[in-house]
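In what follows, chains are A, B, ... by sequence order, proteins preceding strands, each numbered from 1.
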Amino acid sequence: MASIEDHKRAIGELLFSARKALSMGDFDTGEKLYLEVLKLADDDEAALDGLDELKQLRILDAEGVSATDWQHQYAAGADESIDQPPILSSDIFETLSSTDTEPPSDLPDDYEPITDRVELRQQERAKPARAEPGGERADDTQVGYSNPDSDPFTWPQSYFTSAASGSGDADLGGRRPLLRPSTSAAPNLSPNLTVPDNHETGPSPVQGFGAAALVTEPAPLYSFASVRPVEVTIETADDDLDDDNESLSTRLQMADRKHRAGDYEGSLALLKLVLLDEPGHAVATALARLNESKLRDDFLSQLGGLEQRPRLKVTQQEYVWQSLSHVEGFVLSLIDGQTSYADIIEIATMPEKESLQTLIKLLALDIIVNVG
Amino acid sequence: MERIIGIDLGTTNSCVALVEGGVPVVLTNQGGYKTTPSVVAVSDSGKRLVGHIAKRQSVTNAANTVYAAKRLIGRRWGSPPVRTMIETMPYTIVEGPNNDPRIQLRDRVYSIPELSSIILQEMRLVAEEYTGDSIQQAVITVPAYFNDSQRQATKAAGEIAGLDVLRIINEPTAAALAYGYGREVEKTVAVYDLGGGTFDISILSISDGVFEVLATAGDTFLGGEDFDGRIIMDWLVLDFAREHQIDLRRDRMALQRLRDAAEKAKCELSSSNETEINLPFIISTGGSEALHLQKTLSRQKLEELTVDLVERTTKICRQAVEEAGETIDEVLLVGGMTRMPLVQQKVRECFGLEPLRGVHPEEVVALGAAIQGAALFNEGSSALLLDVTPHSLGIMVHGGIVSVVIPQNTTVPTSKSHIFTTVKDNQTSVKILVMQGDSDLAAENEMMGEFILTGLRAANAGEVEIEVTFDINADGIVAVSAKDLETGQEQAITVTASAGLTPEEIESMIRENQDHLVSRRSDEAVENLKLQAQRTLMELERLFPQVRSLLDESEFGQDAIRKANGVIDRAKLAIAAENVDELKSVHEALNRTHNMFKGVVQKIG
């Protein structure tokens, strides 16, 4: 018989997992877990609060706010108890070496190697601070600062242009702001994003897992519920070189931030824009690959491993009322209790990422379950 | 004990059987099916897919999925069946270096025997899994009309698959063997074989263990797939288009599902009067909605849709019976499509006989091949077949006529001679053209080889006598010699029908196949170890909270938990790294920990 301790532990674990799901933007799983908690303890305040928060997040999500960003920033700045997004090394190449990903071989001549990190950090501090994209004043918001030593932003200087305007960003000093939700600041949810027409049909230089992600519509770029958004204007090809460089570096910085915040999809969307402008851009390509790898790992952990064999959990009469696309219907038709996820992905003949996402959705909807 | 398997290498499905304890049994594959689709594909990721898994993506990955390769085996590039296949198949057929057709799958070109060898290897693996032993020898079946090149190419496929092909036997002969016909029987039997992609009718005369093929006919482009096609195109797609103004054929995913559903429905209607086809979310409407397809198909409707196809087969049967010129004593049914009640009814009407249905029609050919394999192993077995020449052998003589030296259905090994003479005055050389086929006209037969005999005595036409001898050994290799009886001058060639591959190519393919097999076995071993480790891990994690609460108090308990955590971490690392040695080593430790946990929970908890 389960003891009270076990009961509490189970609730604690469920709450933890629910928070984690929310922080990853997986609202359905989060909701499911909170409801599980309420089954065990129908007046659990944390679960009720969680469901309220979830409701808000869904509204924000519907309005185009990247809830994942909001959650991560919230988690990092306001609630230390929540599983925080991984703070990766600020240097992309160090991160790459730790994940066995091939470092980009076609580095530009002006790339400064990572051994210069300290020096770069000093340069970063010494130079006029980088403006946030679009010159939006970050001090209009409630801004917290991370410890520069623990969280240095050390992109090679050559990738970033100096701040074009002497905006209020100067006091950032190259440090990454940690943003907390504000109760007063009305969010502007429409980032000023324009994508040049000629970018829409451009080639996607990154192959493999992320290819699909890179050709899909980019996610809302930089939108926090409680923070005045940073406006990003992607310049057209006719604009002058400086503006282009600034735009490129801004996107790279933002992609890196999103990556570090665990928003790999958002990071990939930004990198797509960079790669449209500069196909084969070494850092963007490498970071895109890293994002793809992280996303894949995340998807696989949600599935429980590629060798798992899913089967239908409900009858056709039950799932027929769900809102599924014909692609999801097709993937569902491949599930027979004998075929492993690995084989389903092989025979689905869709990009791997799309197959994984579909399977995760079917799992989350409780239409399928792993046999083992 | 050496086991000999029998393989029915079919156009659409293949089957493997062996004799166990005197009883022939069909072996099931990993999915639990007794037949395996003869389909090979290369996926987007470059992985080789075989059998059911390949079939399940045959529409969505049509360009890189090969089916019905048997129609191409042993054929020459310019032959009519190859031209037809080029026009109708979704995969790319290219010309090979030896005037043979080859198939391009993604960035690689495969020879037809190589693709067939992939299927054969799969069948071999099914047998090895069943017996737990390595299988080296096989009897493989081919259609009765296959010529020497097609048989040699099939043999080469077996060789590439790592099999010693002891015999190539005719499919109708194998079917007759499985139905119990042996040496003691003297009958004329019609074998009606309607499979997934082809239809064959063979009239056999069985006497003293010799299965003589009196007549064969068929249609290499008529089979179960055409029946499925009628259900899909003439009924499902049409009705759906009427209702929703959407052509489901335009969507590959929808079409794949329609194909699978149509085949399933067709099979179900062999034993029931109606069946439901239920395909939810078959197509999106453009908005967020997806439409469902739900229909009921009756047997009567299916028969209405396909009756003309069945009648096509009976028309061919009547021609074959007429050609054989003998009264038919029995009709045997072969091929999954003969389960269809309409087919059985039409066969009954056509032959005026109740067809025999004692053996599963999809398995009967493989069973016959296994019986033959067992008979080869047990010397003196009454079931041992005598190999016969499938087609007549002879040489081309003046006027483009073939003079037959060894007639069709002659048992082998054999040796026969015939004396020819010169046609011109002072002719000092003759060209010997070795032909194979059943037509009197050389142009309608296949040339197997040629050589020139020189040094003949200059004399008037018809005075010089040349003896031409054909020798066929037990392996079907034909040696032809020509000898000037007066001077003793002699010239000879050995004719080995070409499989479309050079010996070097075959050798290289054998090596490659072995490498693939080793890598596949190793992958499977890793997967199995991973699965075992994961299962034990899950069990450990389930027990962990209970064990911790029971042992946490004592120092000993804490130590045990620490050690268990170490084992779990090691196992997780080994699983992630897919390291076989480490997985093997951690497997034992996991089991020990698991036993310890169970013991603690049972005794203390």
Side-chain angles (χ1 to χ4, degrees), chain A residues 1-7 9-10 13 100 207-209 211 297 300-301 304-309 312 315-340 342-352 354-355 358 362 367 370-372, chain B residues 30-33 41-49 52-65 248 251-257 260-261 276 278-285 287-294 526-528 530-531 534-535 538 545-546 548-549 575-576 578 605:
Chain A
M1 212 175 119
S3 66
I4 295 172
E5 287 305 313
D6 287 342
H7 191 72
R9 195 178 300 121
E13 279 173 7
D100 294 335
Q207 300 296 317
F209 181 72
D297 288 349
L300 293 185
S301 76
L306 282 175
E307 63 286 344
Q308 292 281 338
R309 289 173 166 75
L312 288 180
T315 63
Q316 198 179 80
Q317 285 72 30
E318 288 171 278
Y319 73 70
V320 84
W321 302 108
Q322 298 274 5
S323 174
L324 299 180
S325 70
H326 81 293
V327 173
E328 287 153 357
F330 172 70
V331 173
L332 195 54
S333 76
L334 301 175
I335 289 162
D336 57 6
Q338 294 185 342
T339 313
S340 66
D343 285 343
I344 290 167
I345 290 163
E346 288 289 350
I347 61 179
T349 55
M350 313 193 296
E352 188 193 32
E354 198 182 338
S355 302
T358 305
L362 295 174
I367 296 173
N370 289 341
V371 180
Chain B
Q30 276 189 331
Y33 301 99
V42 178
S43 71
D44 280 350
S45 64
K47 190 177 169 188
R48 186 196 280 181
L49 308 174
H52 283 96
I53 195 165
K55 188 180 174 185
R56 289 175 71 188
Q57 50 90 73
S58 59
V59 177
T60 52
N61 181 26
N64 298 296
T65 303
L248 289 174
D251 186 87
R252 287 180 309 152
M253 289 178 181
L255 191 55
Q256 176 79 58
R257 293 179 70 188
D260 296 345
E276 199 169 274
N278 216 334
L279 300 171
F281 313 104
I282 185 80
I283 194 98
S284 293
T285 54
S288 57
E289 292 290 302
L291 298 172
H292 307 322
L293 186 153
Q294 190 172 16
V526 172
E527 279 308 309
N528 284 338
K530 266 175 67 181
L531 266 179
Q534 275 165 341
R535 282 198 192 116
M538 273 169 66
Q546 219 175 333
R548 190 185 283 126
S549 65
I575 290 169
E578 301 195 336

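- Of all non-hydrogen atoms in A:Tyr319 and B:Phe281, the two that sit nearest each other are O-CZ, 3.5 Å.
- The OG atom of A:Ser333 lies 8.0 Å from the CD1 atom of B:Ile282; values are rounded to the nearest 0.5 Å.
- Residue contact with chain B, scored on non-hydrogen atoms closer than 4.5 Å, involves the side chain of A:Thr339 exclusively.
- Contact of B:Asp251 with chain A is made through the side chain alone, with heavy-atom distances under 4.5 Å.
- For A:Glu346, the parts lying near chain B are the backbone and the side chain together; criterion is any non-hydrogen pair under 4.5 Å.
- No hydrogens or angles considered: nothing links the side chains of B:Arg252 and A:Thr349 as a donor-acceptor pair under 3.5 Å.
- The two residues A:Asp336 and B:Arg56 have their closest heavy-atom pair at OD2-NH1, 3.2 Å.
- Smallest separation of non-hydrogen atoms from A:Ala348 and B:Met253: O-CE, 4.4 Å.
- Interface remark: B:Leu49 contributes side-chain atoms only to the contact with chain A (heavy atom separation under 4.5 Å).
- Contact of A:Val327 with chain B is made through backbone and side chain together, with heavy-atom distances under 4.5 Å.
- Top candidate by heavy-atom pairs under 4.5 Å with chain A, chosen from B:Asp44, B:Ile53, B:Asn61, is B:Ile53.
- Heavy-atom pairs under 4.5 Å with chain A were tallied for B:Gln30, B:Lys47, B:Gln256; the largest tally goes to B:Lys47.
- Interface remark: A:Leu334 contributes backbone and side-chain atoms alike to the contact with chain B (heavy atom separation under 4.5 Å).
- The shortest non-hydrogen separation linking A:Ser325 to B:Ala290 is C-CB, 4.1 Å.
- Contact count versus chain B (heavy atoms, under 4.5 Å) is highest, among A:Gln338, A:Gln316, A:Gln308, for A:Gln316.
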